[in-house]
Amino acid sequence: MNYSKSMLISTPDSRQTTIAEPGHRNLEALVGVSESVGVRQQSLSIVIPARNEAAGLAQLLPALAQALPGAEIIVSDDGSTDDTAAVAESLGARVFSRPYGAGNGAAIKAGARVATGDLIVFMDGDGQHRAQDVLRLLSEFGKGYDMVVGERNSKGQANLHRGWANSFYNRLASWMVGRKVGDLTSGFRVVRASRFREFLYLLPNGFSYPTTSTMAFFRAGYTVAYVPIEVQSRMAGTQSHIRLWRDGLRFLLIIFKIGTLYSPLKLFAPVSMAFFAAGLANYAKTYFTEGRFTNMSVLMFSASVIVFLIGLISEQITALMYKDTDNGQPQPPRQRPTE
């Protein structure tokens, strides 16, 4: 088999996705490379959002270069005040720097805009994500998915409270989309670049970009899979940029984003029914005890109607958000994902 000089993801016209890479003897066994007629080559970019992550990048970038030689590596520097940019450049990465910090989501969007690969891997630069796990995500991606996400276990959560919150988000998202969502907030993922860029305008500048992009992919009918990964401890010299109270309140908005990005009516309808049931129960109580229809019952019935109408309008707005998902362009054939 002849390889080119770059890391390539090969998508045969025969609907079989394979992966080829130079200088990696065991890759064929890992991802099942096969030779097909009419192979269409797709390049790979790795985008790493970073803010004061010089220590982590010094360990991660050499590991990526060894595991994925030829892949484009982009460090999106979000206003770092340490040697993040210098370390990344010295290790051969492309660096896109901002003069000030705008947030993790902003760094992701900046990296996605300048990436030249047909496929993009997003991963953290603090040492928690392992270079060898990129191959595992690519292997699953080769089955025909549009996005593959690294799924953390309970040990991979920052703390107990964060683990409980993420578990709740996963259950809520799974109920909304009708499929198991393994890790809604994991930032370690591989995506088709063209599909991901369709939703850049939806992504926030903060830390909930994984939630937004995942729900957007599900809503657009794109395929999503999860691969269990082990998350390492944060490297010495790196720090978390999530603040308990400030970002904790922001994460509460994730609950509403889950609903409004996929099917608002599915979230608003049960709330409307709850208000209606409460109003009906209050009316029955006051009618049999006092023989009258109280203002509280009127308020609950009115709230039920208002919430339902808000959900109905949100449903129509959400549908308009996704009306140009494919922009009328034919999409490459893909193998049907195996369950």
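All values derive from a computational prediction rather than experimental measurement.
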If you count heavy atoms of other groups shown closer than 6.0 angstrom to [atom1] of [X], is the number above 12?
{"X": "Phe293", "atom1": "CZ", "value": "yes"}
{"X": "Gln132", "atom1": "CD", "value": "yes"}
{"X": "Phe275", "atom1": "CZ", "value": "no"}

As an exercise, state the distance from [atom1] of [X] to [atom2] of [Y], rounded to the nearest 0.5 Å.
{"X": "Leu265", "Y": "Ile310", "atom1": "CG", "atom2": "CD1", "value": "12.0 Å"}
{"X": "Met296", "Y": "Thr286", "atom1": "CE", "atom2": "OG1", "value": "10.5 Å"}
{"X": "Thr212", "Y": "Leu184", "atom1": "OG1", "atom2": "CG", "value": "9.0 Å"}
{"X": "Arg130", "Y": "Ile229", "atom1": "CZ", "atom2": "CD1", "value": "8.5 Å"}
{"X": "Met176", "Y": "Ser263", "atom1": "CE", "atom2": "OG", "value": "5.0 Å"}
{"X": "Met147", "Y": "Thr223", "atom1": "CE", "atom2": "OG1", "value": "10.0 Å"}

Cluster link [X] to [Y], ILVMFWY, side chain under 4.5 Å:
{"X": "Leu267", "Y": "Phe308", "value": "no"}
{"X": "Met300", "Y": "Met273", "value": "no"}
{"X": "Phe268", "Y": "Leu172", "value": "no"}
{"X": "Leu135", "Y": "Val121", "value": "yes"}

Side-chain donor or acceptor of [X] paired with backbone N/O of [Y] under 3.5 Å:
{"X": "Arg51", "Y": "Gly79", "answer": "yes"}
{"X": "His129", "Y": "Asp124", "answer": "yes"}
{"X": "Arg94", "Y": "Ile74", "answer": "no"}
{"X": "Lys180", "Y": "Ser174", "answer": "no"}
{"X": "Asp78", "Y": "Ala50", "answer": "no"}
{"X": "Tyr169", "Y": "Asp183", "answer": "no"}
{"X": "Ser45", "Y": "Gly117", "answer": "yes"}
{"X": "Asn52", "Y": "Ser80", "answer": "no"}
{"X": "Lys266", "Y": "Trp175", "answer": "yes"}

Among pairs that include at least one residue of [range], which meet salt bridge (charged side-chain N to carboxylate O under 4.0 Å, His left out), considering only residues two or more places apart or in two chains?
{"range": "residues 303-313", "result": "none"}
{"range": "residues 202-218", "result": "none"}
{"range": "residues 270-296", "result": "Glu290-Arg292"}
{"range": "residues 302-318", "result": "Arg219-Glu315"}

Which atom pairs, one a donor and one an acceptor, fall under 3.5 Å between side chains of residues 101-108 and the rest of the protein, sequence neighbours left out?
none

Can you check whether [X] reaches [Y] side chain to side chain, under 4.5 Å on heavy atoms?
{"X": "Ile73", "Y": "Ile48", "value": "yes"}
{"X": "Asp146", "Y": "Phe141", "value": "no"}
{"X": "Val134", "Y": "Leu68", "value": "yes"}

Using a side-chain heavy atom cutoff under 4.5 Å and only I, L, V, M, F, W and Y, what cluster partners does Tyr100 have?
none
Sequence neighbours excluded and cut-off under 3.5 Å, please list the side-chain donor-acceptor pairs for residues 84-91, or say none.
residue : atom : partner : partner atom : Å
Thr84   : OG1  : Glu53   : N            : 2.9
Thr84   : OG1  : Ala54   : N            : 3.3
Thr84   : OG1  : Asp82   : OD1          : 2.6
Thr84   : OG1  : Asp82   : OD2          : 3.4
Ser90   : OG   : Ala86   : O            : 3.3
Ser90   : OG   : Val87   : O            : 2.7

Just checking, is any N or O donor in the side chain of [X] or [Y] under 3.5 Å from an acceptor N or O on the other one?
{"X": "Arg152", "Y": "Thr185", "result": "yes"}
{"X": "Ser167", "Y": "Asn170", "result": "no"}
{"X": "Asp118", "Y": "Ser194", "result": "no"}

Residues two or more places apart in sequence or in another chain: which of them pass ring pair (Phe, Tyr, Trp, His ring centres under 6.0 Å) with [X]?
{"X": "Phe196", "value": "Phe122"}
{"X": "Phe276", "value": "Phe301"}
{"X": "Phe168", "value": "none"}

Kindly state each residue pair satisfying side chain to side chain donor-acceptor pair (under 3.5 Å) with at least one member in residues 271-283, sequence neighbours excluded.
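Applying side chain to side chain donor-acceptor pair (under 3.5 Å) to every pair that reaches into residues 271-283, excluding sequence neighbours, yields Ser272-Ser304, Asn282-Thr294, Asn282-Ser297.
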Any residue meeting side chain to side chain donor-acceptor pair (under 3.5 Å) with Ser213, in chain and number order, not counting sequence neighbours:
Arg189
Start with the C-alpha gap between Ser43 and Glu72, add the side-chain angles, then the distance that decides, and say whether side chain to side chain donor-acceptor pair (under 3.5 Å) holds.
CA-CA 8 Å; Ser43 56; Glu72 177 186 47; over 6 Å; no
